[in-house]
Amino acid sequence: MKAMKLYSGGKVYPLSCISNWCITSSLGGSKTMQFDISPQSPEYRLIAEEERIEYDGTYYNIKSINERRTIATVNAEINLDELKSKIFSTFKYDTISFVQAMSTALDGTGWSVVGAGLVTAKRSFDLTDVTPLDIVNNCTNKTMYNVSFDVDNIRKILNVSVPATLANNVFFSDELNLKELTFKGSSSGFATRLYAYGKDGLSFAKINNGKEYIDNNSYSDKVNGI
């Protein structure tokens, strides 16, 4: 296993006292990491929701910590915050290329695509209330562009594979004891940015200096939109 780093309180710490480690990947490039660690480990006191882990050139955000008497299970997700920081109230296009779809979806996110020109098919979109990440995941469908993505979230690059080559894996565990289960915390699904739309295009923009959203960063300075 390669070295793992934990970013906590502005410092970087080695994270080594772990067991039962695994990573699950999806075609859209999303990855989840899970591992066990003893609550008595000196490293455990540094672990908290939304702290960053770096492994094999990829950043992960800690999302939940399931603490039992002798072991705690930590779940983390690949950091794709910029791909969730904006909402398209509508994403509707007729027969556009993959390059056009990605260029529109990723505009303003700071992310780019490598290998998009390999996809020659043209497809139509009819989506509402979606993030750039939703659109990226939509492109992996066999009825769409049938691609897969290898994500470099440090350089913010989506590397395209055609046709889709990355397998979906599912991991199960029989070690969970509900009598001992407690939660140190969970930040799955948290949001710091809210978009709201009403009839005839009504939005926050008219009362919020042209912005269609409101932010609340009291929990985190990260941008996550819903």
Side-chain angles (χ1 to χ4, degrees), residues 1-85 110-111 131 133 137 149-159 166-193 216-226:
M1 180 177 172
K2 299 179 181 179
M4 189 179 295
K5 300 177 183 178
L6 173 66
Y7 293 73
S8 177
K11 297 182 180 180
V12 183
Y13 302 88
L15 190 58
S16 57
C17 300
I18 65 174
S19 60
N20 296 327
W21 168 89
C22 69
I23 289 179
T24 306
S25 302
S26 71
L27 294 175
S30 294
K31 294 181 180 179
T32 59
M33 175 192 293
Q34 183 179 92
F35 60 85
D36 290 342
I37 185 170
S38 169
Q40 284 71 49
S41 166
E43 298 174 352
Y44 183 67
R45 64 180 178 82
L46 302 170
I47 293 176
E49 304 81 49
E50 293 306 308
E51 295 287 21
R52 174 181 291 178
I53 293 175
E54 181 182 349
Y55 175 77
D56 195 20
T58 300
Y59 289 143
Y60 296 82
N61 291 336
I62 296 174
K63 291 297 180 180
S64 68
I65 306 163
N66 302 339
E67 184 178 313
R68 281 97 80 194
R69 188 177 305 141
T70 60
I71 204 72
T73 299
V74 177
N75 292 280
E77 297 176 0
I78 188 172
N79 183 352
L80 298 175
D81 288 345
E82 295 91 350
L83 298 182
K84 297 183 286 185
S85 64
W111 282 69
T131 66
L133 183 58
N137 287 327
F149 296 93
D150 181 22
V151 176
D152 180 348
N153 67 347
I154 294 180
R155 294 189 296 164
K156 300 180 182 179
I157 295 174
L158 298 173
N159 295 288
L166 186 63
N168 283 300
N169 299 304
V170 180
F171 294 85
F172 297 91
S173 173
D174 61 356
E175 298 177 359
L176 186 64
N177 184 339
L178 292 179
K179 292 183 179 179
E180 297 183 358
L181 179 62
T182 60
F183 279 83
K184 180 177 179 180
S186 175
S187 64
S188 298
F190 91 102
T192 59
R193 175 169 292 178
N216 184 333
N217 297 110
S218 58
Y219 176 76
S220 171
D221 60 1
K222 297 177 182 178
V223 177
N224 282 269
I226 59 172

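When all heavy atoms of L15 and F35 are compared, the closest pair comes out as CD2-CZ, 3.8 Å. The nearest pair of heavy atoms linking Y44 to S38 is CB-O, 3.5 Å. The heavy-atom pair separating L46 from S8 by the smallest distance is O-OG, 3.4 Å. Between R69 and P39, the shortest heavy-atom distance links the atoms O-CG, 4.5 Å. Nearest heavy atoms, Q34 versus N75: NE2-OD1, 2.8 Å. When all heavy atoms are compared, the tightest approach of Y55 to M4 is CD1-CE, 4.2 Å.
N79 places a side-chain N or O within 3.5 Å of a backbone atom of D81 that can act as its donor or acceptor partner. Remark: side-chain polar atoms of E43 are paired, donor with acceptor, to backbone N or O of S16 under 3.5 angstrom.
Between atom NZ of residue K5 and atom OH of residue Y59 there is a gap of 8.0 Å, rounded to the nearest 0.5 Å. In this structure, I47 CD1 and E51 CD are separated by 9.5 Å, a value rounded to the nearest 0.5 Å. Once rounded to the nearest 0.5 Å, the distance linking CG of L27 with CZ of F149 reads 10.0 Å. Rounding to the nearest 0.5 Å places CD1 of I62 at 9.5 Å from CE of M33. Here the straight-line distance linking atom NZ of K31 with atom CG of D56 works out to 7.0 Å at 0.5 Å rounding. Put simply, CG on N66 and CD1 on I71 are 12.0 Å apart, with the number rounded to the nearest 0.5 Å.
I78 places a side-chain heavy atom less than 4.5 Å from the side chain of T58. With contacts defined as side-chain heavy-atom distances shorter than 4.5 Å, the pair N20/T73 does not qualify.
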Step-by-step side chain to side chain contact (heavy atoms under 4.5 Å, CB included) determination, I23 to T32: CA-CA 6 Å; I23 289 179; T32 59; over 6 Å; no

Please lay out, stage by stage, how W111 and V151 fare under the test side chain to side chain contact (heavy atoms under 4.5 Å, CB included). CA-CA 10 Å; W111 282 69; V151 176; 3.6 Å; yes

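Side chain to side chain, D150 and N159 fail the donor-acceptor criterion of an N or O pair below 3.5 Å. If you check the side chains of N61 and E77, you find no donor sitting under 3.5 Å from an acceptor.
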